[in-house]
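I have placed the structure first, in the form of structure tokens, so that the comments after it can refer back to it.
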Amino acid sequence: MLVSEPASPKRENTISNPESSPKHSESGTSDESSGTLRHRLLGPSIQKSGQDGVNQAAVSEIIYQASQGSKYFEHQKRKEKELTKKVESIVKQAAKVSNQELEAAEVRVDALIRQYEATRDLTQTIVHVDCDAFYASVEELDHPELKSKPFAVGKGVLCTCNYVARKFGVRSAMAEFVAKKICPELIVLRLNFPKYIEKSNAIRMILSEYDPRHCAMTLDEAYLNITEYCANMNKDREEVVSEMRRRIFETTGLTVSAGIGPNSRVAKIASNVNKPNGQCAIANDREAVMEFMCNLPVRKITGIGYVLERQLLALDVNSCGEIYRKSALLYQIFTDTTMTFLLNCYLGLGSTEVKPIDQYERKSVGCERSFRAISDMAQMKQKLQHVAEDLEKDCKRLNLAGRKLGLKLKKATFEQISRQRPMPRPINTASDFYRYGLQMLEKELPITVRLIGLRITDLVNLSHEGPMKTFLKGQRRHNDRLEDEPSTSMNIHAEFKELFDGSPDMHDDEEIGELVMIIQGSQEEDASGVIDDYRSSAKATAARDIKNEYELQHNTATPLMPVPESESLPLSTDSGDSATALVSCPICGNQVSADDQALNHHVDWCLSRGAIREAVKETFN
DNA sequence: TACATACAC
DNA sequence: CATGGTGTATGTA
């Protein structure tokens with residue numbers, strides 16, 4: 001094992017440049033620093049593709065002028081000021097670190113590096129595929145005349161835009177009115193999820209041929225492990241990926257970009273390198289990986305956002321390779337988890353395991369809505385009620401209840417407040433959400449808000465086990481994650497049967513009725529009404545499923561931040577064979593994994609296809 | 001545990 | 001005039 005010799009030969013182990021190296025030096029101490037404020041206002045996607053010939057300075061000026069004076073602007077200004085202060089304090093802290101401390105830190109960092117290096121696995125070939133301007137590209141298929149015009153998709157805030165619009169400086173996450181100042185002729189289309197889902201499904205179908213266990217992160221992004229496919233077909237990985245991309249284009253008319261590497265972190269970053277309609281492969285070779293990472297601006301790393309980038313820049317860390325150069329100093333400043341994360345990035349290490357999205361357990365479900373700022377209690381109650389109802393629908397659809405309820409408020413000033421309380425029992429009804437949410441809201445009065453949200457955590461999965469077990473589980477305050485009940489697919493099947501033909505057999509009906517009573521635990525509720533909710537038309541369910549589909553992608557799990565391989569979590573250590581056990585889906589009849597979560601997810605997904613077309617059209621515009 | 005923040009998409 | 005919604009992870013008191 002060579003392990004002992006880190007890659008970069010040089011490393012700053014002395015206080016050679018304690019101060020004043022930041023490139024974009026903050027002007028005074030804590031005054032305007034409008035340079036960084038402009039940077040902040042530019043938003044997160046500056047460094048994305050398609051921004052080549054853009055006059056960033058001019059765009060920045062327009063954004064600044066358009067935003068100036070708004071509540072949002074003032075809030076950003078405050079946050080920027082706070083961050084600048086924090087960054088200054090970090091720089092000061094860095095200057096105080098002694099040589100002795102640095103030397104000690106160096107020893108420890110080297111030990112960490114050896115430890116992480118020992119986890120390096122170069123045997124897998126991971127691919128990250130990323131559709132190019134997905135929503136916009138799908139819209140172009142239906143409206144070819146838009147191809148030559150600048151247009152975006154979204155409402156209020158843009159979700160994405162085509163490459164023509166990007167040339168103007170329009171970006172995703174940009175406020176619509178700001179985008180129109182930058183590009184007055186910009187056309188803005190509303191979102192049409194059914195279309196995107198359909199295309200996404202078509203793409204996933206192809207991905208499955210290369211890796212049946214691929215992980216679809218969102219509608220337009222996925223990870224694959226093509227190691228086995230390459231071996232079986234005896235084909236080169238780049239050839240395989242370019243063939244896959246060609247097939248996707250031929251069947252859907254959409255272009256995708258891909259990154260290929262020994263782990264998901266490298267693959268993800270690589271997929272952005274040749275962004276529109278291209279691919280980039282990093283060899284499964286330590287030197288190749290290290291070299292690729294070395295000159296990478298830290299902001300390109302998933303998990304390093306505006307704030308961490310600012311902090312790193314202030315310590316003269318611009319590229320990934322500089323993480324090593326400054327590692328002893330960084331060790332003194334950042335937490336262990338952040339340090340672990342940074343070192344893993346420097347080493348180009350990442351997850352080599354790809355597993356389907358349905359292997360992950362949801363941790364929360366929530367609903368929030370923005371509106372014109374209000375302070376009138378009657379109006380706030382109305383908004384709360386609405387959010388509570390939406391959350392209930394999601395809970396019913398997902399068959400979940402929560403032991404904790406959180407209230408989120410955004411004041412007119414954009415300052416956010418969150419309150420959280422344990423519930424006396426798992427709750428999943430609008431009336432409970434409203435009741436307890438209101439109690440929390442009342443404690444904040446008087447207040448002027450522009451957003452109200454509710455979220456439940458400490459979830460109880462109602463479809464996973466029998467109602468009585470759920471009840472008992474709810475009572476056991478401790479010992480959450482019980483042994484996974486080997487529940488058959490029977491109960492799930494029964495529930496869907498009920499959902500569809502509305503004729504559940506008596507036994508299940510009683511169980512559900514009982515469950516509802518228990519969960520509500522309240523007298524004032526009419527149980528039959530709630531049962532009706534369970535039977536709620538497939539239509540309503542499907543409508544929610546569109547959102548579900550969208551959410552499920554997000555909710556995924558691949559730990560975005562740190563989580564080094566070394567601490568690889570034994571997440572859902574399934575009893576192995578679940579991969580081989582199959583049952584037929586009650587909806588489509590296809591063979592699917594008998595694993596409860598997997599089956600559940602599949603059925604959900606299946607539902608979202610068939611019923612969507614009819615149901616959705618009327619729900620969405 | 002509760003709350004605030006950062007981050008992704 | 002004017003800046004979203006859903007979910008996860010982490011730091012800190």
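A quick note: this is a predicted structure, and the numbers were derived from the prediction, not measured. A, B, ... follow the sequence lines: proteins, then strands. Residue 1 opens every chain.
Look at A:Arg362 and you won't find any side-chain N or O under 4.0 angstrom from OP1 or OP2 of C:dT8. A sub-4.0 Å separation between OP1 or OP2 of B:dA2 and a side-chain N or O of A:Lys404 is present.
No engagement by A:Lys180 is indicated, since no non-hydrogen atom pair under 4.0 Å with the nucleic acid exists. Within 4.0 Å (heavy atoms only), A:Tyr306 reaches sugar-phosphate atoms of the nucleic acid but no base atom. Across all strands, A:Lys268 comes closer than 4.0 Å only to sugar-phosphate atoms, never to a base (heavy-atom distances). Residue-level contact check: A:Ile301 touches the backbone only, with heavy atoms under 4.0 Å from sugar-phosphate atoms and none from bases. As judged by a 4.0 angstrom heavy-atom cut-off over every strand, A:Arg372 is placed among residues making no nucleic acid contact. A:Glu221 comes within 4.0 angstrom of the backbone, heavy atoms only, and of no base. Looking at heavy-atom distances under 4.0 Å, A:Gly305 makes contact with sugar-phosphate atoms alone, never a base. At the heavy-atom level, A:Ser370 lies under 4.0 Å from the strands shown only through sugar-phosphate atoms.
The interatomic distance linking A:Lys86 (NZ) with B:dA6 (P) rounds to 8 Å, in whole Å. Computed from coordinates, the A:Lys79 NZ to B:dA4 P distance equals 13 Å when rounded to whole Å. Distance, A:Asp130 CG to B:dA8 P: 13 Å, rounded to whole Å. Across the protein-nucleic acid pair, A:Lys393 atom NZ and C:dT6 atom P stand 12 Å apart, rounded to whole Å. The distance from atom OH of A:Tyr223 to atom P of B:dA8 is 11 Å, rounded to the nearest whole Å. Going from atom CZ of A:Arg369 over to atom C1' of C:dG5 covers 8 Å, rounded to whole Å. Put simply, CD1 on A:Ile357 is 11 Å from C1' on C:dG7, counting in whole angstrom units. With rounding to whole Å, A:Glu176 atom CD is found 16 Å from C:dG5 atom C1'.
Residue A:Lys181 places its side chain closer to C:dA2 than to any other of C:dT10, C:dA2, C:dG5. Closest to the A:Arg450 side chain, of the nucleotides C:dA9, C:dT3, C:dG11, is C:dT3. For A:Val157, the side-chain atoms get nearest to C:dT3 when compared with the rest of B:dT5, C:dG5, C:dT3. With C:dG4, B:dA8, B:dA2 as the candidates, the nucleotide lying closest to the side chain of A:Thr302 is B:dA8. Listed nucleotides C:dG5, B:dA4, C:dT3 differ in distance to A:Ser418; the shortest reach to its side chain belongs to B:dA4. Listed nucleotides B:dA4, C:dA2, C:dG11 differ in distance to A:Thr337; the shortest reach to its side chain belongs to C:dG11. Of all nucleotides listed (B:dC9, C:dT3, C:dT6), C:dT6 comes nearest to the side chain of A:Cys367. Side chain of A:Val307, nearest nucleotide from B:dT1, B:dA6, C:dG7: B:dA6. Distance from the side chain of A:Glu368 is smallest for C:dG5 among the nucleotides B:dC7, C:dG5, B:dA2. Among C:dG5, C:dG7, C:dT3, the nucleotide with an atom closest to any side-chain atom of A:Arg455 is C:dG7.
Contact annotation: side chain of A:Ser67 to base of C:dT3, donor-acceptor pair present below 3.5 Å.
Residues A:Thr252 and A:Ala202 approach most closely at CG2-CB, 3.8 Å, considering heavy atoms.
Judged by the 6.0 Å distance and 45° axis criteria, A:Lys381 is not positioned over the aromatic ring of A:Tyr434.
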Chi angles and distances behind the side chain to side chain donor-acceptor pair (under 3.5 Å) call for A:Thr338, A:Thr335
CA-CA 5 Å; A:Thr338 302; A:Thr335 63; 3.0 Å; yes
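Rounded to the nearest Å, the gap between the P atom of C:dT3 and that of B:dA8 is 23 Å.
Classification of A:Glu74 and A:Lys71 as a salt-bridged pair fails, no side-chain N sitting under 4.0 Å from a carboxylate O.
Distance alone, capped at 3.5 Å, places no donor-acceptor pair between the A:Asp220 side chain and the A:Phe134 backbone.
The salt bridge (Lys or Arg N to Asp or Glu O under 4.0 Å) test with A:Glu80 singles out one residue from A:Arg310, A:Arg38, A:Lys86, and that residue is A:Arg310.
Heavy-atom distances to DNA chain C give each of A:Lys408 and A:Thr335 a nearest nucleotide, and the one nearer the 5′ end belongs to A:Lys408.
Between A:Tyr64 and A:Phe73, the ring centre distance stays below 6.0 Å.
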